[in-house]
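These values consider heavy atoms only, across backbone and side chains, with no hydrogens, waters or symmetry-generated copies.
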Amino acid sequence: MKLTINTYGRLKLLLLLVTCFLFQQSYLFAQDDKAVTEEKPAPVKYKPVKNTFQSVWIIENQTVMVPVKGTLEFDIMHRFGEIDEGFRDFFGAFDPSNIRLGLSYAPINKLFVGVGYTKEKRLVDGSAKYSIITQTKGKYPVSVTYYGSLSIDTRKKDVADIYDGSLIKNWTDRLLAFHQIIIARKVTEKLSVQVAPSITHQNAVSGYYTKSDSTGTEIYKSMRNDHFAISFAARYKFTNVTSVMFNYDQPLTKHPSNNPNPNISLGIEFNTSSHSFQLFFTNYYGLNPARNNLYNHNDPLPLSNGKYLVGFNITRLWNY
């Protein structure tokens with residue numbers, strides 16, 4: 001009888017130990033599951049900022065915006081003559097004007113390519129624009145886009161005095177290249193700003209030969225082949241479809257002569273889902289960014305007999 005009681009007690013003790021062991025393992029597993037859950041939080045979803053600008057243009061310059069894949073855009077850009085005779089020439093409207101027609105397409109996301117034809121110098125240009133970074137809250141504070149263009153003077157050889165004085169000898173003398181990095185930020189839902197450093201390269205510049213006692217014959221160039229500049233732009237929306245725009249372009253390179261003037265532009269923009277219309281005052285006559293940076297002879301300062309003109313840009317979008 002004593003053996004039976006002891007055996008029964010031992011069985012109860014063994015059962016109690018097994019129960020405690022299982023409970024402890026269950027508690028540990030629950031703790032592990034909780035720890036795993038705490039170590040792997042839900043992934044954060046970053047949303048890129050939309051509509052930093054409404055158009056790919058802000059007066060004279062490209063904006064940081066790149067349309068979505070499948071977008072086709074047609075541009076009409078127009079500059080009237082200088083406002084210097086008041087009502088006699090209807091504030092420049094009756095003076096010789098400058099016009100550019102352009103067509104661009106987005107074959108893939110982040111890339112926009114296009115061609116254009118400008119009345120001045122009969123310039124034909126090809127361009128490419130690529131979005132490198134898009135402003136994203138918690139990830140990227142700004143948007144960054146590259147823009148580049150290559151232009152060629154298509155006038156007849158016996159007519160062209162390419163780029164204000166230098167004569168055409170080879171077809172490469174007709175080329176003009178432009179590269180720009182655009183950095184923009186949408187500060188608020190109404191205000192967007194951008195800065196864009198650029199470099200322009202011209203293959204041919206005007207010049208002449210000079211004599212030097214120390215080195216013999218030298219070539220004097222009126223301008224350098226490479227030109228650095230920087231532009232600043234801002235847009236402020238005061239309604240959902242209407243904005244005011246400001247643009248300033250500052251040349252940085254100092255040339256031996258024919259240094260270009262800076263540009264100041266101020267205007268207003270109206271938008272729909274597929275159209276953008278910009279009307280503004282500017283002292284840039286050209287419609288090619290490379291020529292504007294190199295050859296702006298209009299002084300923007302009123303005290304220096306500043307010369308301004310009226311211009312407008314119209315863009316029409318289709319999405320396929």
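In this structure, the side chain of Ser192 engages the main chain of Thr52 through a donor-acceptor pair within 3.5 Å. Counting only distance, with no hydrogens or angles, the side chain of Gln194 and the backbone of Ser231 share no donor-acceptor pair below 3.5 Å. Remark: side-chain polar atoms of Lys47 are not paired, donor with acceptor, to backbone N or O of Lys137 under 3.5 angstrom. A side-chain donor-acceptor contact under 3.5 Å links Asn283 to the backbone of Asn298.
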Run the numbers on Ile268 and Thr242 for side-chain contact (heavy atoms from CB on, under 4.5 Å), then give the verdict. CA-CA 7 Å; Ile268 190 167; Thr242 311; 3.9 Å; yes
Checking Thr134 against Ser143 for the side-chain contact (heavy atoms from CB on, under 4.5 Å) test, could you report, in this order, the C-alpha distance in whole Å, the side-chain angles of both residues, the deciding distance, and whether it holds? CA-CA 4 Å; Thr134 302; Ser143 296; 4.3 Å; yes
Stepwise, does the side-chain contact (heavy atoms from CB on, under 4.5 Å) test hold for Tyr130 with Val66? CA-CA 7 Å; Tyr130 185 78; Val66 176; over 6 Å; no
Give the C-alpha distance, both sets of side-chain angles, the deciding distance and a yes or no for side-chain contact (heavy atoms from CB on, under 4.5 Å) between Phe228 and Asn293. CA-CA 8 Å; Phe228 291 90; Asn293 277 276; over 6 Å; no
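Atom CG of Asn261 is separated from atom CG of Asn296 by 5.5 Å, given to the nearest 0.5 angstrom. Gln135 contributes atom CD, which lies 5.0 Å from atom CZ of Arg185 (distance to the nearest 0.5 angstrom). A distance of 12.0 Å separates CZ in Phe80 from CG in Asn98, rounded to the nearest 0.5 Å. Atom OG1 of residue Thr253 and atom NE2 of residue His255 lie 5.0 Å apart, to the nearest 0.5 angstrom. The structure places CZ of Phe53 at 10.0 Å from OG of Ser243, a figure rounded to the nearest 0.5 Å. Between the OG1 atom of Thr172 and the CD1 atom of Ile152 there is a distance of 9.5 Å, given to the nearest 0.5 Å.
Asp75 meets the salt bridge (charged side-chain N to carboxylate O under 4.0 Å, His left out) test with no other residue; sequence neighbours excluded. With sequence neighbours excluded, no residue satisfies side chain to side chain donor-acceptor pair (under 3.5 Å) with Asn109. Considering only residues two or more places apart in sequence or on other chains, Glu60 meets the salt bridge (charged side-chain N to carboxylate O under 4.0 Å, His left out) condition with Arg79.
Put simply, the side chain of Lys119 reaches to within 4.5 Å of the side chain of Ser97, judged on heavy atoms. Side-chain contact between His227 and Ser198 is absent, with no heavy atoms from C-beta onward closer than 4.5 Å. Using a 4.5 Å heavy-atom cutoff, the side chains of Glu73 and Trp57 are in contact. Counting heavy atoms from C-beta on, the side chains of Thr145 and Lys129 come closer than 4.5 Å. Within the 4.5 Å cutoff, side-chain heavy atoms of Thr154 are placed close to those of Tyr117. With contacts defined as side-chain heavy-atom distances shorter than 4.5 Å, the pair Pro251/Asn259 does not qualify. Counting heavy atoms from C-beta outward, Ile182 and Val144 have side chains that stay 4.5 Å or more apart. Taking 4.5 Å as the limit, some side-chain heavy atom of Trp318 sits within range of a side-chain heavy atom of Phe74.
The environment of Lys69 atom NZ is sparse: at most 12 non-hydrogen atoms of other residues, nucleotides or ligands sit within 6.0 angstrom. The number of heavy atoms from other shown groups lying within 6.0 Å of OH (Tyr140) does not exceed 12. Other residues, nucleotides and ligands place more than 12 heavy atoms under 6.0 Å from the OH atom of Tyr146.
Listed here is the closest heavy atom pair of Ala290 and Ala177: CB-O, 4.4 Å. Of all heavy-atom pairs between Thr63 and Ser55, the closest is OG1-O, 2.7 Å. Of all the heavy atoms in Gln180 and Ala196, the pair that sits closest is NE2-CB, 3.5 Å. Smallest separation of non-hydrogen atoms from Leu103 and Leu72: CD1-CD1, 4.0 Å. Here the closest heavy-atom approach between residue Pro67 and residue Ala106 is recorded as O-CB, 3.8 Å. In this structure, Gly267 and Ile59 approach most closely via the heavy-atom pair N-CD1, 4.1 Å.
Inspection of the Thr118 and Asn288 side chains reveals no N or O donor paired with an N or O acceptor under 3.5 Å. In this model, no donor atom of one side chain and acceptor atom of the other lie less than 3.5 Å apart for Tyr285 and His297. Using modelled atom types, one finds a donor on one side chain and an acceptor on the other under 3.5 Å when comparing Asp249 with Asn263. Side-chain contact of Gln202 with Tyr295: a donor-acceptor pair under 3.5 Å is present, judged by distance alone. Side-chain atoms of Ser265 and Thr282 include a donor-acceptor pair closer than 3.5 Å.
Linking ILVMFWY side-chain heavy atoms closer than 4.5 Å, directly or via other members, places Ile181 and Val64 in two distinct hydrophobic clusters. Both Phe277 and Tyr236 belong to a common hydrophobic cluster when Ile, Leu, Val, Met, Phe, Trp and Tyr are linked at side-chain heavy-atom distances under 4.5 angstrom. One hydrophobic cluster, built from ILVMFWY side chains closer than 4.5 Å, cannot hold both Met223 and Tyr284; they sit in different ones. Leu317 and Leu101 fall into different hydrophobic clusters, where Ile, Leu, Val, Met, Phe, Trp and Tyr are joined by side-chain heavy atoms under 4.5 Å apart, directly or via other members. In the hydrophobic cluster analysis, where Ile, Leu, Val, Met, Phe, Trp and Tyr join through side-chain heavy atoms closer than 4.5 angstrom, Val68 is grouped apart from Met65.
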